[in-house]
Amino acid sequence: MPVGTVHSVIKLKDDMPVQGVTADIEVFMEYVDAMEGIEDYSHLFILSWLHEADRDVLKATPRKISPELPEKGIFSMRSPSRPNPIALTPVTLLGRSGRFLHVSNMDVIDGTPVLDIKPYHAGWDCIFSARNPDKTEKIKKMMPKDLKESFKREAFNYHGELCIGLAVAVRMAMVANQALETDLRVENVGIVIGKNPCISDSLIGITGARLGTHRLLYNLNPKITMANDSYSIFNDKKTIIFKLKRFMKDFFGVLECDANDLFNIEVI
């Protein structure tokens, strides 16, 4: 039995962006008391019923990425078509107005029934060390704007702020992905972080690099300053070194400008 419904500008499932959109969740009047304390959480899990889904599909391709990718079983995908079309969506809670929740990254269409709402617990639900399949071939099929949005979301989920340093890290990832021709989260890709904590945080979020896997390195040279700060993304074949030319203060300008305006880039 639904406890609410989604109000979204997206009416058709084919129009839904991969990253979702901002939307409102209307909680039905009889369940308002169940919302007490929800404002204390920054993120929520929304479980919803994909009422327009094809329930007979067992294999599919990630067609929003590319119809040329191979078929996979839908239990290994997030396809809306599945025998029991229950969607689990982690969203950011932007605010509450009475029995309405304003959220971002909601990836279900207008009118979708909401089955349940659960709080996201950072220390329990975040498994940063989780292993995923190599997405190299999938990434090669992605449009640059979609890949950029994917990197931006991975960086934000770890860093927690859409700042200039995050935008700089996303541009580094875009360059490194093209130069290394690989998924940046695979085991043989590592990073060397620099002085700026926002850039470093964001690179960790994008790559999943950790000290324990020897994929995260840092320069301990005390003579390095912000003025000669550098970062690297590498695998067993190439190292891409980024030396900051200047630190622009326009978030969208950083995301859209030529990478050579931001960095001196060396490939070794």
Side-chain angles (χ1 to χ4, degrees), residues 1-32 34-35 38 41-121 124-127 130 132-133 135 137-139 141-143 145-147 149-150 152-154 156-157:
M1 179 182 295
V3 300
T5 189
V6 174
H7 298 287
S8 173
V9 296
I10 306 297
K11 312 295 183 183
L12 302 173
K13 57 185 180 180
D14 288 344
D15 294 337
M16 179 62 69
V18 174
Q19 301 295 331
V21 296
T22 57
D24 290 321
I25 297 171
E26 177 186 3
V27 175
F28 298 148
M29 187 65 71
E30 59 265 39
Y31 301 111
V32 169
M35 301 173 71
I38 203 167
Y41 294 91
S42 64
H43 293 75
L44 305 170
F45 281 126
I46 308 299
L47 287 89
S48 52
W49 183 261
L50 303 177
H51 57 301
E52 295 188 3
D54 184 346
R55 301 182 65 179
D56 296 323
V57 174
L58 299 182
K59 290 186 176 183
T61 60
R63 55 186 176 79
K64 285 193 175 182
I65 303 299
S66 173
E68 298 176 6
L69 289 167
E71 271 193 336
K72 296 173 65 177
I74 55 91
F75 291 160
S76 67
M77 301 174 60
R78 297 199 173 189
S79 169
S81 299
R82 50 205 321 115
N84 288 318
I86 298 172
L88 173 64
T89 307
V91 300
T92 302
L93 178 59
L94 302 175
R96 174 186 173 184
S97 179
R99 57 191 182 89
F100 289 84
L101 302 174
H102 187 49
V103 302
S104 63
N105 300 118
M106 192 74 227
D107 59 358
V108 301
I109 63 173
D110 184 61
T112 299
V114 174
L115 302 179
D116 201 3
I117 300 168
K118 296 179 183 291
Y120 177 94
H121 288 275
W124 185 257
D125 294 321
C126 177
I127 308 173
N132 295 304
K135 298 184 297 183
E137 293 307 312
K138 180 179 179 180
I139 289 172
K141 302 290 186 181
M142 293 177 72
M143 296 291 290
K145 64 180 181 63
D146 292 330
L147 181 58
E149 285 299 313
S150 179
K152 189 168 77 172
R153 184 168 179 177
E154 290 174 339
F156 176 73
N157 283 348

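Each residue takes its place number in the sequence, starting with 1.
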With a 4.5 Å cut-off on side-chain heavy atoms, are [Y] and [X] touching?
X	Y	result
T22	S104	yes
M1	P113	no
P83	I74	yes
H43	D125	no
V18	M142	no
V108	I46	no

With sequence neighbours excluded, what pairs up with [X] under the side-chain hydrogen bond (donor to acceptor under 3.5 Å, both in side chains) test?
X	value
N105	none
N84	R55
R78	none
H51	none

Value rounded to 0.5 Å, distance of [atom1] in [X] from [atom2] in [Y]:
X	Y	atom1	atom2	answer
D146	Q19	CG	CD	8.0 Å
L93	L44	CG	CG	5.0 Å
M77	E71	CE	CD	9.0 Å
L88	L115	CG	CG	11.0 Å
L147	K135	CG	NZ	9.0 Å
I139	S150	CD1	OG	7.0 Å

Identify, with sequence neighbours excluded, every residue that meets side-chain contact (heavy atoms from CB on, under 4.5 Å) alongside [X].
X	answer
S8	V6, I10, V21, A23, D110
P133	none
I127	S129, A130
D116	L47, K118

Next on the checklist: Please give me the minimum heavy-atom distance between M106 and V91, naming the atom from each residue.
Outcome noted: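 Looks like SD-CG1, 3.8 Å.
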Checklist entry - With sequence neighbours left out, which residue pairs that include part of residues 4-32 fulfil the ring-ring contact (aromatic ring centres under 6.0 Å, His included) condition? => result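 Every candidate ring-ring contact (aromatic ring centres under 6.0 Å, His included) pair involving residues 4-32 fails, so no pair, neighbours aside, qualifies.
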Next on the checklist: According to ring-ring contact (aromatic ring centres under 6.0 Å, His included), who are the partners of F45, at least two apart in sequence or on a separate chain?
Outcome noted: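 Once residues adjacent in sequence are excluded, the partners of F45 under the ring-ring contact (aromatic ring centres under 6.0 Å, His included) criterion are Y120.
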Next on the checklist: Tell me every residue that passes ring-ring contact (aromatic ring centres under 6.0 Å, His included) with H121, counting only those two or more places apart in sequence or in another chain.
Outcome noted: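 Testing H121 for ring-ring contact (aromatic ring centres under 6.0 Å, His included), a comparison that skips the adjacent residues, returns Y41.
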Next on the checklist: Could you check whether atom NZ of K11 has more than 12 heavy atoms from other residues, nucleotides or ligands sitting under 6.0 Å from it?
Outcome noted: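 It does: K11 NZ has more than 12 such atoms within range.
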Next on the checklist: My understanding is that only one of S81, P85, P80 makes a side chain to side chain contact (heavy atoms under 4.5 Å, CB included) with V57; could you say which?
Outcome noted: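 That would be S81; it is the only one of S81, P85, P80 passing the side chain to side chain contact (heavy atoms under 4.5 Å, CB included) with V57.
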Next on the checklist: With side-chain contact (heavy atoms from CB on, under 4.5 Å) as the criterion, how do L101 and M35 come out once you've worked through the C-alpha distance, each side chain's angles and the decisive distance to 0.1 Å?
Outcome noted: CA-CA 10 Å; L101 302 174; M35 301 173 71; 3.5 Å; yes
Item to check | Residue pairs involving residues 91-106 (criterion salt bridge (Lys or Arg N to Asp or Glu O under 4.0 Å); sequence neighbours excluded) | outcome: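 Those involving residues 91-106 are E26-R99, E39-R96.
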